[in-house]
Amino acid sequence: MQKKRRVVCCSGQHNFLFPAGQVIMDTSRQEPLKYDFKSIEAKWQQRWLTEKPCKVSADPQRPKYYVLEMFPYPSGRIHIGHARNYSIGDVVARYKRMRGFNVLHPMGWDAFGLPAENAAIKSGVHPAQWTYSNIDYMRGQLKAMGLSYDWDREIATCRPEYYRWEQRVFLQLLEKGLVYRKKTTLNWCEDCATVLAREQVIDGCCWRCDKQVVPKIMHGWFLKITDYAEELLADLDKLNGWPEKVVTMQRNWIGKSQGLACDFQVENSAEKITIFTTRPDTIFGVTFMSLAPEHPLIDSLIAGTEQETAVRGFIEQTLLEKQRMALDQEPEKHGIFTGKYCLNPFNGERVPIYVANFVLMEYGTGAVMAVPAHDQRDFEFARKYGLPVRPVVQPEERLAAESMEEAWEGDGALDDSGSFNGLRSAEAKQAVIAHAEKMGFGRRHITWRLRDWGISRQRYWGAPIPVIHCESCGAVPVPEEQLPVVLPGTTTPYGSHAPLHHQEAFYTTTCPKCGQPAKRETDTMDTFMESSWYFARYTSARKDDGILDQDAAKYWLPVDQYIGGVEHAILHLLYSRFFTKALRDLGYLDIDEPFTNLLTQGMVIKDGAKMSKSKGNVVDPDDLIQQYGADTVRLFALFAAPPERDLEWNPQGVEGCFRFLNRVFRLIHLNLDCFSADNAGAVDLSGLSLVDRQLHRKTHQTIRRVTDSIEKDFHFNTAISAVMELVNQISAAAGEEAAQPVGRPVLQEAFETVLHLLVPMVPHFCEEMWQLTGHRQTLQERGWPDFDIAAAAEDELTIVVQINGKLRARLTVPAGTGEEEQKALALADERVSGFIAAGKALKKIVVVKDKLVNIVVQ
RNA sequence: GCCCGGAUGGCGGAACAGGUAGACGCAAGGGACUUAAAAUCCCUCGGCUCUUCGCAGCUGUACGAGUUCGAUUCUCGUUCCGGGCACCA
């Protein structure tokens, strides 16, 4: 309503000089010179390079804050997702520094991995050379973004100085029995020519290259993550600072099932089949037994029987089918009768033993008691092979075997179950387990979905597994004093199957135990090993006589805020949690969990789709920095969406952020004469005009809003819009109050507040403006501003008047108006009385102080 | 199939704790300045209605119910979208 005319401020008439002597006003055109982001950013980056304001060391006298973004794989260039991730982390780091914390904010490189080898095959460059030159380039890109890292702690996981400690941890875990080697069915990716851990198979395909994964039987090294299953699960409850979604995903992945392990005696044999079930309450409904095709007992069951040929044929066919089928496809259920029976220990009944294609050897015991009435898979199987269906858990609506069309998997009352009849499912489960334990044929049992972590990779560019294979001594650990086992430089083609396998000079060695000729292990470690403990190594990145400096680790860990993509919800985050516990048990750490708070930032998308080369919608941060500067890129990445949500990249939005910085730049230059040392500090409120009082209030409200936004949930988007509102009000007030000298301290306070609040997001710009306006100390050093509650308080409030819940009028009342008065004012309002027609009875009046009056009429 | 999220203008997104829906930005339209353009500044901007163009009325936060004086917010159901798991016994 009130139109504010923009008046060119008095300073526009003057000829201003930069401290450096540069003319910034062209008096004839009255146009401020351009916001020269290039020289501003170069200047501050140079300064940060030499002064290292982010270099930190452990200081028990000061509160610490460890903020970490997931380190990148040095693929060649920083992409926009990185830019967003690191912008978010940098705001947190800078904000916490301003709040007085001793902030650890390191950066490094997850530098082992397949792309380096692929590049080597393609162009003949050594993976190391490819990796190191990528690192050099990308480090430059990160520095050009003005990110406040302590670069003296930089690590690259492919350096022997890093992986030697990993090899040492590996050996210590081996000694502790947490590492073992076995031959088993592994997930093989043809394209990557290596095996993958189960977590690394996504929808039956390789997590990296998307190629379908096939089963392959081979030797591999495993980490006993399952030893920590219980703790990994229990401690999820401590992770209050993690998104619920990630916690749930991990909980499901670990997959704890409690139930009964029970032995079924094979008829006329000494053999027993042990099953696992989570539904002991249905055990009287067993009508057959299903074994996995790989079950070791099958051989002895069928040997010499007339079923033998048929069963062997079936098993062979099933295993073949498994090889051919994609992992995510579900073949039709089928099976074959072995000709043998076992006995249900609860009722002595004869139960035919089948081999079934849907039973997994890897889970439970590889044998399943089949209860068709209460398990859908068993139901389908029973109907197909004409096996009996016997309901033993009855829901409200009684089940009849003949008419059932699907299994009843819910709870109910036990029926046809001997002495357990009438019990509810929950109590029946306990009673059945107790009975089995008493009789000695069963026991309470827990199974986990989680499997041990297979870490062998048949690749070159990874940390060598420090083991020597000796004909007579077996797998012998490399003695600690011989570490690191250094990855050999090599001239043979990389990327062929198991490259180290062809490096005679590498693998030829002698057994440390017996001195006989022996062979080194030629597999390398999964690269997720390196990222499972790098956050700890940052605390003592340069330590060359041990894994971790105890004091530093104790001071800095755990990471207070971890930031990265949700795609690592299971893989990296689960491995890191496991490693933390394992390192603790080796005596290196005294924490249980590595990351107190986790922020999973959303993807950056363009035109509604994930950016990808094939779609041609990739935005290169380099180009943007060239065109707009790092501050604009950072500002947009923070402004366009809250961090946890996907961010739609909008070039016009970037333009808008650039415009905003230009606007602030211009406004400050036009009002340089309001800055003076005398005006610093508290503003004298007496004699202020209305506009200035309002600006003063807005300034303090903005400090409050921005602080709240950051503290509560890192919603920088709303923090930035709050500052934009303040700038809009400054812009209006600056014009209007140009002639009033008292306007100047208020204006100075407002401008200085803008710079204080924005400096974590746009550091170069704000520090430059701050210096320009005559300050010596940097904003970072000045710290975060406090707000004055009294100054932020409104003296007038808008009260909404509703009639039957519909907005009918707004009243402006002074702050502190009582409820009764509020009600009276509302009723007295002529618009309100107009709505309350004659004859309508007032039913009720709801008054909410300082907010509204709702008048309910008949 | 199971388990989690989510759905608000042309767009990205705001809205403390049930109390003025659409902050801030983008786009669009109109205007000022300019010889002109760019830049900048100002105004309008969910939809519909009007013989009163108004501090107007109605309607509106995916859809349908419910609780409430009052629902974007809470409850139930439905649809769609996204993510995770997927023979886990």
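Hydrogens, waters and symmetry mates are skipped; everything else that's a heavy atom, side chains included, is used. To find a chain, count down the sequence lines: A is the first, B the second, and so on, and within it residues start at 1.
B:rG84 and B:rG66 are spaced 38 Å apart, taking the P atom of each and rounding to whole Å. When the P atom is used for both B:rC88 and B:rA15, the distance is 42 Å, rounded to whole Å. Straight-line distance between the P atoms of B:rG54 and B:rC45: roughly 13 Å, to the nearest whole Å. The separation of B:rG12 from B:rA7, taken at their C1' atoms, amounts to 15 Å, rounded to a whole angstrom. On the C1' atoms, B:rG13 is 15 Å away from B:rG46, given to the nearest whole Å. Using P as the reference atom, B:rU49 and B:rA38 are 34 Å apart when rounded to the nearest Å. The gap from the P atom of B:rA62 to that of B:rG9 amounts to 8 Å, rounded to the nearest Å.
In this structure, the CZ atom of A:F276 is 7 Å from the P atom of B:rA89, given to the nearest Å. What separates CE of A:M249 from C1' of B:rC2 is a distance of 15 Å, to the nearest Å. Following rounding to the nearest Å, A:Q802 (CD) and B:rA21 (C1') show an atom-to-atom distance of 13 Å. Following rounding to the nearest Å, A:F660 (CZ) and B:rC24 (C1') show an atom-to-atom distance of 10 Å. A straight line from CD1 of A:I254 to P of B:rC85 spans 14 Å, rounded to a whole angstrom. Here B:rU20 presents its P atom at 17 Å from CD1 of A:I803, a figure rounded to the nearest Å. Atom pair A:M361:CE and B:rC87:C1' shows a separation of 16 Å (rounding to whole Å applied). The interatomic distance linking A:F358 (CZ) with B:rA86 (P) rounds to 18 Å, in whole Å.
Contact annotation for A:K806: backbone-only contact, meaning every heavy-atom pair under 4.0 Å involves sugar-phosphate atoms and none involves a base. Residue-level contact check: A:V368 touches the bases, meaning some heavy atom is under 4.0 Å from a base atom. Residue A:D378 is out of contact with every strand shown, counting any heavy-atom pair closer than 4.0 Å. The residue A:V359 sits close to a base: some heavy atom pair falls under 4.0 Å. Looking at heavy-atom distances under 4.0 Å, A:G656 makes contact with sugar-phosphate atoms alone, never a base. Counting non-hydrogen atoms under 4.0 angstrom, A:N662 reaches nothing in the nucleic acid.
Side-chain to base pairing of A:R451 with B:rC88: one donor and one acceptor N or O lie within less than 3.5 Å of each other. Side-chain atoms of A:Q652 stay outside donor-acceptor range of the base of B:rG25, with no qualifying N/O pair under 3.5 Å. For A:K333 against B:rC87, a side-chain N or O and a base N or O form a donor-acceptor pair under 3.5 Å.
Shown here, B:rG10 is classed anti by the O4'-C1'-N9-C4 or O4'-C1'-N1-C2 angle, which is more than 90° from 0.
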- Task: Check the pair A:V762 / A:F660 against side chain to side chain contact (heavy atoms under 4.5 Å, CB included), numbers first and verdict last.
- Result: CA-CA 12 Å; A:V762 286; A:F660 171 71; over 6 Å; no

- Task: For side-chain hydrogen bond (donor to acceptor under 3.5 Å, both in side chains), just list the numbers for A:S425 and A:D281, CA-CA rounded to whole Å, side-chain angles, deciding distance to a tenth of an Å, and then say yes or no.
- Result: CA-CA 6 Å; A:S425 291; A:D281 53 323; 3.2 Å; yes

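With RNA chain B read from its 5' end, the first of the two nearest nucleotides for A:Y363 and A:V848 is the one closest to A:V848. Each of A:E648 and A:N854 was matched to the nucleotide of RNA chain B holding its nearest heavy atom; the match closer to the 5' end belongs to A:E648.
The side chain of A:V846 lies closest to B:rG19, out of B:rA89, B:rC24, B:rG19. Nearest to the side chain of A:W253, among B:rC69, B:rA86, B:rG13, sits B:rA86. Closest to the side chain of A:T248, out of B:rC24, B:rA14, B:rC3, is B:rC3. Closest to the side chain of A:T718, out of B:rU20, B:rA14, B:rC69, is B:rA14. Distances from the side chain of A:R810 to the nucleotides B:rU20, B:rC85, B:rA89 place B:rU20 closest. When distances are taken from the side chain of A:N650 to each of B:rC26, B:rC88, B:rU20, the shortest belongs to B:rC26.
Close to B:rA86, at under 4.0 Å from its OP1 or OP2, lies a side-chain N or O of A:R449. Side-chain nitrogen and oxygen atoms of A:R659 include none within less than 4.0 Å of the OP1 or OP2 phosphate oxygen of B:rA38. Remark: A:S290 is not in phosphate contact with B:rA89, judged by side-chain N or O atoms under 4.0 Å from OP1 or OP2. In this structure, A:R808 does not reach the B:rG70 phosphate: none of its side-chain N or O atoms is under 4.0 Å from OP1 or OP2. The side chain of A:R251 contributes no N or O atom lying less than 4.0 Å from OP1 or OP2 of B:rC4. Applying the 4.0 Å criterion to OP1 and OP2 of B:rC4, one finds that A:K245 has every side-chain N and O outside that range. Phosphate proximity of B:rG13 to A:R645: present, with a side-chain N or O under 4.0 Å from OP1 or OP2. Dashed line: the shortest gap from a side-chain N or O of A:N717 to OP1 or OP2 of B:rA14 is under 4.0 Å. Contact annotation: A:N252 side-chain N/O to B:rA86 OP1/OP2 distance is not under 4.0 Å.
Ion pairing between A:K34 and A:D36 fails under the 4.0 Å rule for side-chain N and carboxylate O. Between A:D237 and A:R251 there is a salt bridge, since a side-chain N of the basic residue sits under 4.0 Å from a carboxylate O of the acidic one.
In this structure, A:W453 CH2 and A:T226 OG1 are separated by 13.0 Å, a value rounded to the nearest 0.5 Å. Between the CD atom in A:Q701 and the CG atom in A:L726 there is a gap of 10.0 Å [rounded to 0.5 Å].
Annotation: A:K384, atom NZ; neighbour count of heavy atoms from other residues, nucleotides and ligands within 6.0 Å is above 12. Within 6.0 Å of NZ on A:K256 lie more than 12 heavy atoms contributed by other residues, nucleotides or ligands.
Aromatic ring centroids of A:F358 and A:F381 lie under 6.0 Å apart. The distance between the ring centers of A:F658 and A:F636 does not fall below 6.0 angstrom.
Aromatic ring pairs are classed by plane angle as parallel below 30°, tilted from 30° to 60° and perpendicular above 60°; the pair A:F665 and A:F765 is tilted.
The strand RNA chain B forms stems, runs of 3 or more Watson-Crick or G-U wobble pairs with distances below 3.5 Å, at B:1-7 with B:79-85, B:10-12 with B:24-26, B:28-32 with B:40-44, B:46-49 with B:56-59, B:62-66 with B:74-78.
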